[in-house]
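In this text the structure is predicted, and so the values were computed from the model without any measurement. Reckoned from all heavy atoms, side chains included, excluding hydrogens, waters and symmetry mates. Labels below follow one simple rule: chain letters A, B, ... track the order of the sequence lines, proteins then strands, and each chain is numbered from 1.
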Protein chains: 2
Amino acid sequence: MASSKKEEFTQEDNWLADVAKALSHPARIRILKILTEMDSCMVGSIVDKLPLAQATVSQHLKELKRVGLIDGDIVGPKICYCVNNKNLAKAKTALDKLFSKIGCC
Amino acid sequence: MASSKKEEFTQEDNWLADVAKALSHPARIRILKILTEMDSCMVGSIVDKLPLAQATVSQHLKELKRVGLIDGDIVGPKICYCVNNKNLAKAKTALDKLFSKIGCC
DNA sequence: ATCGTTCATCGTAAATATACGATAGATTTA
DNA sequence: TAAATCTATCGTATATTTACGATGAACGAT
């Protein structure tokens, strides 16, 4: 990439792009859906439902966690992941705002 | 990436991820905003408003065009880009659906 | 026909992302 | 304590993305 020019854009545009990046892989879309469909949210259960290795799923979870769309709570030897509704709502609001702004030609 | 596993996911999840990918760079968010703020939508005008080289902007426009979020109409030697409202609405609907689905924990 | 303008594409370099096996750390269970 | 389980991280390979200069193709104007 030579030298990432991201600091040349506004914080808002960068944040929106970051949220979009977190959603830019089908595995991560799937994970978000799984987390709400299932009662349990252990990593193992998620891995079972995806065509990916455990290490790879862990990386995707890390990416979703990085932007705050999910939380991971330690429960004994396991980790219970769940969506972060507050940040999810924040993301939805920001995307709505973008779409309503760019909705003309 | 070894061997992209994207074909192992549903078409819907892949499409949503693809739209999100198109939005996953601040320059492309900015471009969408510029296209609605400006009367003119020549590439040159967009380049002037971004801290990027013309070739780079052209690549970003190509990515937005790939997923159908913008159209490019040839006008003489220039090309007039504008947002594609139909596909924009489709993307918004799909994202809304996703967010409403995953909105619980 | 030639020139200048406009934009896409090519070639290339560096950064990131994706994927996996192997391993390490933490914790429960035996 | 030892063994088993669960998950993050490391190391690594490959693919993709981002960025730019240079070039080429298309068009209007001279």
Side-chain angles (χ1 to χ4, degrees), chain A residues 1-9 13-14 17-31 34-35 38 40-67 70-82, chain B residues 1-9 13-14 17-31 34-35 38 40-67 70-82:
Chain A
M1 195 196 300
S3 62
S4 185
K5 294 284 186 87
K6 301 206 171 159
E7 63 286 341
E8 308 244 17
F9 296 91
D13 286 350
N14 270 299
D18 225 29
V19 169
K21 186 154 73 71
L23 298 175
S24 72
H25 193 288
R28 294 194 288 269
I29 299 275
R30 192 82 198 86
I31 286 171
I34 288 171
L35 286 183
M38 294 206 315
S40 167
C41 39
M42 290 162 28
V43 174
S45 311
I46 302 170
V47 172
D48 290 345
K49 289 178 180 290
L50 293 175
L52 299 171
Q54 181 263 321
T56 306
V57 172
S58 199
Q59 276 187 90
H60 284 306
L61 288 167
K62 190 179 179 182
E63 171 68 9
L64 287 169
K65 202 174 169 184
R66 183 183 64 81
V67 294
I70 65 174
D71 292 316
D73 301 310
I74 297 171
V75 179
K78 308 180 180 181
I79 297 193
C80 181
Y81 278 100
C82 64
Chain B
M1 197 195 295
S3 61
S4 186
K5 295 284 186 87
K6 300 203 172 162
E7 63 287 341
E8 308 245 18
F9 296 91
D13 285 351
N14 270 300
D18 224 29
V19 169
K21 186 155 74 70
L23 298 175
S24 71
H25 193 288
R28 294 195 288 267
I29 299 276
R30 191 80 198 88
I31 287 171
I34 289 171
L35 286 184
M38 292 206 316
S40 167
C41 40
M42 291 162 26
V43 174
S45 310
I46 302 170
V47 172
D48 290 346
K49 289 179 180 290
L50 293 176
L52 298 171
Q54 181 263 321
T56 306
V57 173
S58 198
Q59 273 185 50
H60 284 305
L61 288 167
K62 190 179 180 183
E63 170 68 10
L64 287 169
K65 201 173 170 185
R66 183 183 64 81
V67 295
I70 65 174
D71 291 316
D73 302 310
I74 297 171
V75 178
K78 309 182 181 181
I79 297 192
C80 181
Y81 278 100
C82 64

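Checking the phosphate oxygens (OP1, OP2) of dT6(C), no side-chain nitrogen or oxygen of Tyr81(B) falls inside 4.0 Å. An OP1 or OP2 oxygen of dA8(D) is reached within less than 4.0 angstrom by no side-chain nitrogen or oxygen of Lys65(A). Remark: Lys6(A) is not in phosphate contact with dT18(D), judged by side-chain N or O atoms under 4.0 Å from OP1 or OP2. Look at Ser4(B) and you won't find any side-chain N or O under 4.0 angstrom from OP1 or OP2 of dA15(D). Dashed line: the shortest gap from a side-chain N or O of Ser58(B) to OP1 or OP2 of dA8(C) is under 4.0 Å.
A donor-acceptor contact shorter than 3.5 Å is absent between the side chain of Asp18(B) and the backbone of Val67(B).
Nearest-nucleotide mapping onto DNA chain C: of His25(A) and Gln54(A), the residue sitting toward the 5' end is His25(A). Comparing Ile74(B) and Lys78(A) by the nucleotide of DNA chain D whose heavy atom lies nearest to each, the residue mapping closer to the 5' end is Lys78(A).
Within 4.0 Å (heavy atoms only), Ala53(B) reaches sugar-phosphate atoms of the nucleic acid but no base atom. Counting any heavy atom pair closer than 4.0 Å across all strands shown, Lys21(A) reaches sugar-phosphate atoms only and no base atom. Using a 4.0 Å heavy-atom cutoff across all strands shown, Glu63(B) reaches no nucleic acid atom at all.
With values rounded to the nearest 0.5 angstrom, Ile70(A) atom CD1 is found 10.0 Å from Glu63(A) atom CD.
Rounded to whole Å, the distance from CZ on Arg66(B) to P on dT18(D) is 10 Å. Between Ile31(A) atom CD1 and dA19(C) atom P the separation is 10 Å, expressed in whole Å. For Leu64(B) and dC7(C), the CG to P distance is 16 Å, given to the nearest whole Å. As a whole-Å value, the separation of Leu52(B) CG from dC7(C) P is 16 Å. The interatomic distance linking Asp73(B) (CG) with dA26(D) (C1') rounds to 16 Å, in whole Å. The CG-C1' distance, from Asn14(A) to dT18(D), rounds to 14 Å in whole Å. Summarising the geometry, the separation between CG on Leu61(A) and C1' on dT7(D) is reported as 10 Å, rounded to the nearest angstrom. Put simply, CD on Gln59(B) is 7 Å from C1' on dT18(D), counting in whole angstrom units.
Cys41(B) approaches Cys80(B) most closely through the heavy-atom pair SG-SG, 2.6 Å. Smallest separation of non-hydrogen atoms from Phe9(A) and Asn14(A): O-ND2, 3.4 Å.
Contact check for Leu52(B) versus His60(B): side-chain heavy atoms found under the 4.5 Å cut-off.
Ranking dC27(D), dA22(D), dC20(C) by closeness to the Ala55(B) side chain, first place goes to dA22(D).
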